[in-house]
Amino acid sequence: MSSRTSPVSRTITIRRAVARDARRLTRLVRGSGAYKGEYAAAVAGYRVGPDYIEAHRTFVAVGVDEQGDRVLGFYSLVLAPPELDLLFVADEAQGRGIGRLLVEHMQAEARAAGLDRVKVVSHVPAEDFYHRVGAVRTGTALANPPAVPWDRPEFEFRIPPE
């Protein structure tokens with residue numbers, strides 16, 4: 001599934017990320033309100049480079065406004081071992097169903113790749129989101145100082161066959 005128009009808004013499309021998206025994705029990660037304060041260290045200096053985009057199934061949710069195409073969110077699916085590595089929605093776009101749309105797209109991609117489950121190590125403030133979109137809590141990823149000095153919830157999306 002390379003592109004799809006969202007039922008949330010006809011102007012939101014999910015497409016495969018390309019190298020020229022790298023800077024926008026990096027800005028989205030570093031500027032995330034969910035990583036302010038005590039969590040800032042986790043994304044300080046983080047970079048989503050063209051090499052990362054090429055190595056993983058990375059998709060962006062794009063909206064069209066008066067300035068043109070705008071990246072509203074993105075995710076990255078790693079196939080082996082199956083993991084949702086990154087999922088971010090721009091702060092100003094949250095609450096509009098874009099995160100749910102990205103998760104649904106990820107599940108379709110996982111199914112197409114023959115996966116039956118996808119692991120997620122969640123950011124603590126995103127725990128409720130993952131519950132709402134159907135992920136099942138499976139455990140806890142222990143802190144890994146200095147980059148991640150707190151424990152994080154682990155989830156799993158179960159991918160039923162079509």
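The shown structure was predicted, so the numbers you read here are calculated from the model rather than taken from an experiment. All residue numbers in this chain count up from 1 along the given sequence.
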Exercise. Before giving the answer on side chain to side chain contact (heavy atoms under 4.5 Å, CB included), spell out for I12 and V62 the whole-Å C-alpha distance, their side-chain angles and the decisive distance to 0.1 Å.
Key: CA-CA 5 Å; I12 296 173; V62 179; over 6 Å; no

Self-check item: Criterion salt bridge (Lys or Arg N to Asp or Glu O under 4.0 Å) on R16 and E54, from CA distance to verdict
Solution: CA-CA 10 Å; R16 188 80 183 245; E54 285 194 26; over 6 Å; no

Quiz item: Less than 4.0 Å between a side-chain N and a carboxylate O, is that true for E127 and R152?
Solution: no

Self-check item: S32 (side chain) donor-acceptor with A34 (main chain) under 3.5 angstrom
Solution: yes

Self-check item: Nearest atoms (heavy-atom pairs only) where P160 meets R111
Solution: O-NE, 2.8 Å

Practice problem: Report the C-alpha separation of V118 and I159 in whole Å, then their side-chain angles, then the decisive distance to 0.1 Å, and conclude whether the side chain to side chain contact (heavy atoms under 4.5 Å, CB included) test is met. | Solution: CA-CA 7 Å; V118 174; I159 312 295; 4.2 Å; yes

Exercise. Kindly determine whether L84 and M106 satisfy side chain to side chain contact (heavy atoms under 4.5 Å, CB included), including the steps that lead there.
Key: CA-CA 8 Å; L84 178 60; M106 179 276 300; 4.0 Å; yes

Quiz item: With the 4.5 Å side-chain cut-off for hydrophobic clustering, are V78 and I53 part of the same group?
Solution: no

Quiz item: Which heavy atom in R137 sits nearest to a heavy atom in P153, and how many Å separate them?
Solution: CZ-CB, 3.4 Å

Practice problem: Answer with yes or no whether the hydrophobic clustering places I14 together with L86; edges join I, L, V, M, F, W, Y residues whose side-chain heavy atoms lie under 4.5 Å apart. | Solution: no

Quiz prompt | Of E154, E83, E156, the residue whose pairing with K119 passes salt bridge (charged side-chain N to carboxylate O under 4.0 Å, His left out) | solution = E154

Self-check item: Spatial distance of atom CG (L79) from atom CD (E109) [nearest 0.5 Å]
Solution: 9.0 Å

Self-check item: Transitive ILVMFWY side-chain link V29 to V120, under 4.5 Å
Solution: no

Quiz item: Do Y46 and T26 come within less than 4.5 Å of each other through their side chains, counting heavy atoms only?
Solution: no

Exercise. State the CZ-OH distance between R47 and Y52, to the nearest 0.5 angstrom.
Key: 12.5 Å

Quiz item: Is there a donor-acceptor pair closer than 3.5 Å between any side-chain N or O of R100 and the backbone N or O of R132?
Solution: yes

Self-check item: Gap separating the OG atom of S122 from the NE2 atom of H131, nearest 0.5 angstrom
Solution: 8.5 Å

Quiz prompt | Side chain D151, main chain A143, donor-acceptor under 3.5 Å | solution = yes

Quiz item: Closest heavy-atom contact between S76 and T58?
Solution: OG-OG1, 3.3 Å

Quiz prompt | Geometric class of the H123/Y35 ring pair [parallel <30°, tilted 30-60°, perpendicular >60°] | solution = parallel

Quiz prompt | Nearest-0.5 Å distance that lies between atom CD in Q107 and atom CG in L102 | solution = 11.5 Å

Quiz item: So with a 6.0 Å cut-off around CZ of R23, is the heavy-atom count from everything else above 12?
Solution: no

Quiz item: Taking all atoms of both residues into account, what is the closest heavy-atom pair of R117 and R158, and its distance?
Solution: NH1-NE, 3.8 Å

Quiz item: Distance from L72 atom CG to D91 atom CG, nearest 0.5 Å?
Solution: 12.0 Å

Quiz item: In terms of the angle between their ring planes, are Y75 and F59 parallel, tilted or perpendicular, with boundaries placed at 30° and 60°?
Solution: parallel

Quiz item: Salt bridge between D69 and R15, side-chain N to carboxylate O under 4.0 Å?
Solution: no

Quiz prompt | ILVMFWY network linking V43 to V124, side-chain heavy atoms under 4.5 angstrom | solution = yes

Self-check item: Distance-minimising heavy-atom pair for Q94 and V89
Solution: NE2-O, 3.0 Å

Quiz item: Applying the 4.5 Å side-chain criterion to the ILVMFWY set and letting contacts propagate, would F155 and V148 be lumped into a single cluster?
Solution: no

Exercise. Decide yes or no on side chain to side chain contact (heavy atoms under 4.5 Å, CB included) for F129 and L87, but give the supporting numbers first.
Key: CA-CA 11 Å; F129 167 77; L87 173 64; 3.5 Å; yes

Quiz item: Hey, what's the ring geometry for Y130 with F157, parallel, tilted or perpendicular (30° and 60° as the breaks)?
Solution: perpendicular

Practice problem: Grab the two heavy atoms, one from I98 and one from A61, that are nearest each other, plus how far apart they are. | Solution: CG2-CB, 3.9 Å

